[in-house]
Structure formats: C-alpha cells, structure tokens
Enquirer: 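Let me begin by handing over the structure; questions about it come next.
Just so it is clear, the values below take in all heavy atoms, side chains as well, and ignore hydrogens, waters and symmetry mates. Residue numbers start from 1 in every chain, and the chains themselves are labelled A, B, ... in the order their sequence lines are given, proteins ahead of strands.
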2 protein chains.
Amino acid sequence: MAMTTDSIFYQDMDGKPIESPNKIKIMDISIELFSRKGFTGVSIRDITKEVGIKESSLYNHFRSKEELLSTIFFNFRRSISRILPQEDHLGGMLQSVSPELFLKQSLAGLMKHIDDPVMAKVWRMMYLEQYRDRVVRDIYLNDIVGNMLKSLEKVFSIWIAAGRIQPADARILAAEYQYPLFAMIGVYVLLRVDGSSTWDIETGMREHVDYFVSKIIV
Amino acid sequence: MAMTTDSIFYQDMDGKPIESPNKIKIMDISIELFSRKGFTGVSIRDITKEVGIKESSLYNHFRSKEELLSTIFFNFRRSISRILPQEDHLGGMLQSVSPELFLKQSLAGLMKHIDDPVMAKVWRMMYLEQYRDRVVRDIYLNDIVGNMLKSLEKVFSIWIAAGRIQPADARILAAEYQYPLFAMIGVYVLLRVDGSSTWDIETGMREHVDYFVSKIIV
DNA sequence: GTCTATAGAGGGATAGAC
DNA sequence: GTCTATCCCTCTATAGAC
C-alpha cells in the first residue's frame, strides 16, 4: 500500500476540500476534544477558545454544532472506505500472495488507519458516540463490521474453492478472524487515551493472526 | 446457576442497601437516560422530571451528579464480580463437566448478566463512558477484560495439564476464546439500543464457541 | 471572516420553609 | 424527604459593525 497523507485532508459534506486554515483548525481541535470528552461534553466555547477565535466566528464555517459533528464523520466514512479491499482487485491480489501474508497486510493496513494521529481520535469518537447517535451506529455496524465481514467472507470462499485453506463455512471464518480484531482495536484505542503501553495488545493481534492461520491452512 | 433477581438491588457506596423508593427510581431512570444519551447529555432536570420530584430533592439522595454516576458503577462492579468463575471452585467444576459444556455455561452466565434489563443498560453506559472516565476505563480493562482473560487462562492450563485439550499457549487460547465474545457483546448491546434483532449476533456467539471447541479438543 | 454584544434557554447546586 | 425560590454560570445561536 502506497504511503499517503490523504487522511488529514478534510472535505465539506458537499465534497469541496476544506482549505480555510481556521476551518481546518476547528476540525482538528473538535476531533481532539470530542474524542476525549464526547460531543455533549464539549462546548462551542471550548473549541473556539483553543482555536483562538470567538464563538460567533465558528458559525461562519458550520451552521451548527451538529453540522460540525456530521462533517467529521463524513470524512471518517470517506477514509474508512479506502481501507476495504476493492472487490474488483481481489482476484489478482489473492493469487499472488499467501493467505498468511494477505491477512497480515490487511491488518497492517487497518492499523495504519487507526494509527493516523487524526483517525485514531475519530475511531475513539465512533466508539463513544455510537450509543447516542444513530448515524454513527450505522457507520460502525454497516460500514465497518458489516463490510469487513462481507469482504473477508468473499476472500475465504475464494481460498476454499481454490483448495488453499481447509474447507469450512467462509462466513464463520470471517467472524473468527475479524471479531477478535474489533475487540482488540477497542482495547488499543482505549489504552491510547491515557498513553498506556499498547505493546501487549499489539502482540495479541499478531498472535491472533498466527493462531488463526495455523488452524485454517491445508 | 440458580435463578436470582439480585442484580436489581442497589447498594450505596458504603455498602448499605438502597431502600428508599425514590432513590431506587432515581437509579433506574438515571441508568436508562445515561445509557442512551451519555452522562453529559443528561441533566438533573431530565432525571428528576421523569422520577416525578423536584431537582432539589435529588440532592437529598446524592451529593452530586458525579456521586450518582459513581454509585451506578459501584453496583455494576459488584454485579460483574459475581459472574466470574470463583478460583477455589474451579477444580471441582472443571472435572465434572466437559470443556464444551463449561464454555457454553460460562457464555450463558455472561449473557444472562447482559440480558438483565438493568445491567444491559449499564453495559451500554460502560462502553459509552469509558473514553471520558478513567474509572470506567479501569473497570472495563481490569475487572472485565483482564479478569476474564486471567481466569480463562487458568482454566485452559488445567485442561492442557490434564490432557483434555490439545497442548497450546493457554494465554493465547483465552484470548482467542474471549475477544470475539467481547466484540460480539458490543454489537449485541448496540443492536438493542434500537431494538433491532440480535438473532444473527447471538447465533454468531454460539458458532464461535462451536468453532473454537472444534479446534482445541484432543 | 472576524469581532462585540446579547438573547434566551438550560445547566448544577443551595437555602430554608414545611 | 419534599417543596419553592433562587443563584450564578454555561450553553447554542444570532445581529450587526468593521
């Protein structure tokens, strides 16, 4: 996967790039604060104070606090869609690498997304707001959990059909592979709130991939 | 496991049972509201309005909004500690039942806890507040994730030593078994926010136990 | 696009009568 | 233990000058 810093470029919800320095600063600081205190725990005052503008100036960039939140998740969704394997490229990719390597590379791609200084915070926001906000809940359940399981199921079916792994229910394999990672990612982003060491949980993720692979190879 | 309705009995943080009907009502309604809108998203006014008392009356029961929150999590912690396998009873229990049955019964015990009408909401609160509140973070990371993994590791070591399952790293087995369940529980409580069907994810949990057992038996 | 000023509602918490 | 009344602060958002 090519190096990219795309993820720090924001767009408005109509697709226009956000270029105003103050608007970018509002996004950055809102993400930082929302991810630590939650949407309802952060006031417009908190945000504008750190940005260095008056409250009223924020409303030149966003119509409301809600629109600011929606813009953040709009960009998260856009960013997430890029780390899912592209259906049409699957065929070629799956032939050229081993299951083990493919899974390790996917995990690396996911971790790269979560490790992005901005996206790490939005992941936290997602876990934090999903109980309060139906849109966020749908992003998690559909865009993240649903899509990842579906695309993994496809991958495992292909491997099974090609006899590269043991015959099994591809849907169950996808769940067995992915759900532990979801839980571990949750722990990972939680540990990073306090700046605690994430060494154990990262090791756990690698051990999981190894264990899983050891149980499915022919 | 014997039927019990213990979980709906609250204690104050000094250990005294909460008996005042209004105080119980405050607890119930706070849990309901906090679990849907988050601590900072709910006001004392919201709570007392539903309880049917004036704001000032709440302060006869709790010194502050924070103390109310702490009391809720104090009771959650107490309740959680009861679903962990007791170290001293492990020996006997492990000899009398098969690994498969033991794991299925543990899962049933956990699901029973989460299905309790009150505790389901506090689980949601825990997922919701853990990013904002260090104490809640510690409850999740230590009392729940940490303790469950530790006690499961013990169980697997015993089985391995007794030759009842294939030799393996007990710590990894514990992680492989438990992490998917954590993620699935997260999805489960999330689905219940909207009253969506949890049939798929419950099936997923059972399939996980089956798959896991199939990979470890001798 | 930023500012000052302010509106108008809602926040947590307390005093003191009953 | 509940009430009325109130304090003082913070909240989101808008109007209008520059």
Enquirer: Please tabulate, one pair per line, each protein N/O and nucleotide N/O from nucleotides 4-7 of chain D that are separated by under 3.5 Å, including the distance.
Expert:
residue: D:dT4; atom: O4; partner: B:Ser56; partner atom: OG; Å: 2.7

Enquirer: A side-chain contact here means heavy atoms from C-beta on lying under 4.5 Å apart; do B:Leu107 and B:Met205 qualify?
Expert: yes
Enquirer: Rounded to whole Å, how long is the line connecting atom CG of A:Leu69 with atom C1' of D:dT12?
Expert: 15 Å
Enquirer: Round to the nearest Å and state the distance from B:His61 atom NE2 to C:dG12 atom P.
Expert: 17 Å
Enquirer: So is A:Lys121 actually on top of A:Phe76's ring, under 6.0 Å and inside 45° of the axis?
Expert: no
Enquirer: Hey, what's the ring geometry for B:Tyr179 with B:Phe182, parallel, tilted or perpendicular (30° and 60° as the breaks)?
Expert: perpendicular
Enquirer: Nearest-Å distance, CZ (A:Phe62) to P (D:dT14)?
Expert: 15 Å
Enquirer: When A:Arg171 is tested against each of A:Glu176, A:Glu153, A:Lys150 for side-chain contact (heavy atoms from CB on, under 4.5 Å), which residue passes?
Expert: A:Glu153
Enquirer: Which part of the nucleic acid does B:Ser64 contact within heavy-atom distance under 4.0 Å: base, sugar-phosphate only, or nothing?
Expert: sugar-phosphate
Enquirer: Is it the case that the ring center of B:Phe74 lies less than 6.0 angstrom away from the ring center of B:Tyr10?
Expert: no
Enquirer: Just the rounded figure in Å: distance from P of D:dT14 to CD of A:Glu67.
Expert: 11 Å
Enquirer: Let's see if you get this right: which residues in residues 33-44 of chain B place a heavy atom under 4.0 Å from DNA chain C?
Expert: B:Val42, B:Ser43, B:Ile44
Enquirer: Measure across A:Pro180 and A:Ala175 and return the closest heavy-atom pair with its distance rounded to 0.1 Å.
Expert: CD-O, 3.8 Å
Enquirer: What is the distance from OH of B:Tyr59 to C1' of D:dG1, rounded to the nearest Å?
Expert: 16 Å
Enquirer: Working note: B:Tyr188 + B:Asp115, criterion side chain to side chain donor-acceptor pair (under 3.5 Å); need CA distance, chi angles, decisive distance, verdict.
Expert: CA-CA 10 Å; B:Tyr188 179 85; B:Asp115 263 326; 2.5 Å; yes
Enquirer: Output the rounded distance in Å from NZ (B:Lys25) to P (D:dG1).
Expert: 16 Å
Enquirer: Could you check how far CD of B:Glu66 sits from P of C:dG11, rounded to whole Å?
Expert: 16 Å
Enquirer: Measure from CG on A:Leu58 to P on C:dC3 and round the result to the nearest Å.
Expert: 11 Å
Enquirer: Does A:Phe39 have A:Lys65 sitting over its ring (NZ/CZ under 6.0 Å from centre, angle to axis within 45°)?
Expert: yes
Enquirer: For residues A:Gly41 and B:Thr40, report the shortest heavy-atom separation together with the two atoms involved.
Expert: N-OG1, 3.4 Å
